[in-house]
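Positions are given from 1 along the sequence.
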Amino acid sequence: MPQEPTFEFFHLESSDGVAVLTVDRPPVNAFSREVYEDLARVIDHIEATPAIRVVVLACKPDAKAWIGGGDLKEFLSFTAETRRARHDYVEGVTDRFYRLSCPTVAAITRPALGGGMVFASFCDILVSADTAFFAMPEVDRSLTGGAGAYFNRLNLPVSFIREMILTGRRLSAAELREVGFLNHVLPEDQVMDKAMEIARIIAAKSSAAVRAIKQSANLIDTVGWDEGRAAAHEMSATKLVDGPDYKEAISAFLERRKPAFNAD
């Protein structure tokens, strides 16, 4: 595979369809405007690279946070107008990350705070260290943090979300696993292995089918399950049935062999 491009605040390494995207803005991986601009360039590259089938979002082993939220040093100079402008830009970038055409797996080995917890919610599958903790501390910074809207999409209990955003308290990985926010909670040294295991399983599937499923699942978040279900079935008919992987997948199953999917 060609050498990956370089980015200022991220490292990207790809192998066998899995791209590990590592945040690198020490000490706490706080996201400034420049970091979001760099992330937009990362997204451009991922979307232009069909060989990337799954993205694993991680931090460096010595980071103090997985993602530490927004860079508060920027916030001191905000006016209402500049706050709105920043919000509009950030929402545009994070929406693109959420709507990546390939699935995302979060490998959370350090605290995920504020925007970090929101980024986790944008990932499709979440693997966390049992020592990691989470919080939405915006109430302590005189901010709203979106009033929990990001977590309502995940169907977390409303009372749980309200307590989280109104108190800003720390939440353990075990507590978030119990309410369904996290898929797996493991010792820290097992997190990356588990995230990569899941990513490799997905990367071995039909890329066309995986991307169609991801697009359909995101659509359900927007339009509801009934309309989203109908759109998913229509996508099967219009995008998959005549594609290169459809008959191969079914034939391989019937013939009890491993499918040979299209490289792209």
To the nearest 0.5 Å, what is the distance between [atom1] on [X] and [atom2] on [Y]?
| X | Y | atom1 | atom2 | value |
| --- | --- | --- | --- | --- |
| T104 | L57 | OG1 | CG | 8.0 Å |
| Y36 | R96 | OH | CZ | 14.5 Å |
| S32 | R86 | OG | CZ | 8.0 Å |
| L182 | F134 | CG | CZ | 4.5 Å |

Is a side-chain donor or acceptor of [X] paired with a backbone partner of [Y] at a separation under 3.5 angstrom?
| X | Y | value |
| --- | --- | --- |
| T22 | A58 | no |
| T49 | I52 | no |
| K214 | C102 | yes |
| R33 | Y89 | no |
| W66 | V23 | no |

Closest approach of [X] and [Y], non-hydrogen atoms and distance?
| X | Y | answer |
| --- | --- | --- |
| G168 | A135 | O-CB, 4.0 Å |
| F10 | D38 | CD1-OD2, 3.5 Å |
| V185 | A173 | CG2-O, 3.7 Å |
| L154 | Y150 | CG-O, 4.0 Å |
| I43 | F97 | CD1-N, 3.7 Å |
| C123 | A106 | SG-CB, 3.8 Å |

When the side chains of residues 113-122 are checked against the rest of the protein, which donor-acceptor pairs come out under 3.5 Å, sequence neighbours left out?
| from | atom 1 | to | atom 2 | distance (Å) |
| --- | --- | --- | --- | --- |
| S121 | OG | V118 | O | 2.6 |

Exercise for the section: Give me the other members of the hydrophobic cluster that I202 sits in, counting Ile, Leu, Val, Met, Phe, Trp and Tyr linked by side-chain heavy atoms under 4.5 Å, directly or via other members. Expected result: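 Joined to I202, directly or through intermediates: V18, V20, V54, V56, V105, I125, V127, L186, V191, M192, M196, I198, V210.
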Would you please name every residue forming a side-chain hydrogen bond (donor to acceptor under 3.5 Å, both in side chains) with [X], sequence neighbours left out?
| X | value |
| --- | --- |
| N218 | Y98 |
| E197 | none |
| T131 | none |
| D95 | R99 |

Problem - Any I46 side-chain heavy atom under 4.5 Å of V42 side chain - result: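 With C-beta onward as the side chain, the pair touches.
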Exercise for the section: Please examine the side chains of I165 and V139, heavy atoms only from C-beta on, and report whether any two atoms are closer than 4.5 Å. Expected result: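 Sidechains of I165 and V139: no contact.
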Handout entry: Partners passing side chain to side chain contact (heavy atoms under 4.5 Å, CB included) against P27 (at least two apart in sequence or in another chain)
Key =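 Side chain to side chain contact (heavy atoms under 4.5 Å, CB included) check on P27 returns K64.
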Exercise for the section: Just grab all the salt bridge (Lys or Arg N to Asp or Glu O under 4.0 Å) pairs involving residues 17-26, residues at least two apart or on different chains. Expected result: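 Residue pairs with at least one partner in residues 17-26: D24-K60, R25-D71.
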Practice task
Scan residues 102-111 for pairs that pass salt bridge (Lys or Arg N to Asp or Glu O under 4.0 Å), counting only residues two or more places apart or in two chains.
Solution key: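 Only R110-E188 qualify under salt bridge (Lys or Arg N to Asp or Glu O under 4.0 Å).
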Problem - For F160, ring-ring contact (aromatic ring centres under 6.0 Å, His included) partners two or more places apart - result: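 Applying ring-ring contact (aromatic ring centres under 6.0 Å, His included) to F160 gives none.
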Problem - ring-ring contact (aromatic ring centres under 6.0 Å, His included) involving F133 - partner list, sequence neighbours excluded - result: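 Here no residue qualifies.
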Problem - R162, CZ atom: more than 12 neighbouring heavy atoms under 6.0 Å - result: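 No, because the 6.0 Å sphere around CZ of R162 holds 12 heavy atoms or fewer from other groups.
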Problem - E13 atom CD, over 12 foreign heavy atoms within 6.0 Å - result: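 Open: at most 12 neighbouring heavy atoms sit under 6.0 Å from CD of E13.
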Exercise for the section: Tell me whether L166 is reachable from I161 by hopping between hydrophobic residues (I, L, V, M, F, W, Y) whose side-chain heavy atoms are closer than 4.5 Å. Expected result: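 I161 and L166: one cluster.
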Practice task
Flag yes if L100 and V90 sit in one hydrophobic cluster, no otherwise; membership is Ile, Leu, Val, Met, Phe, Trp, Tyr, and two members link when side-chain heavy atoms are under 4.5 Å apart.
Solution key: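 In one cluster with L100: V90, yes.
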Handout entry: Stepwise side-chain contact (heavy atoms from CB on, under 4.5 Å) check, C59 with I67
Key = CA-CA 8 Å; C59 68; I67 295 175; over 6 Å; no
Practice task
Return yes if a side-chain donor-acceptor contact under 3.5 Å exists between E81 and T79, otherwise no.
Solution key: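 Judged by distance alone, the side chains do not pair up.
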Exercise for the section: Sequence neighbours left out, what pairs pass side chain to side chain donor-acceptor pair (under 3.5 Å) with at least one residue falling in residues 175-185? Expected result: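 Pairs touching residues 175-185 that pass the test: R169-E175.
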Problem - Pair E37 + R41: basic N to acidic O under 4.0 Å - result: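 Between R41 and E37 there is no salt bridge, as every charged N stays at least 4.0 Å from the carboxylate O atoms.
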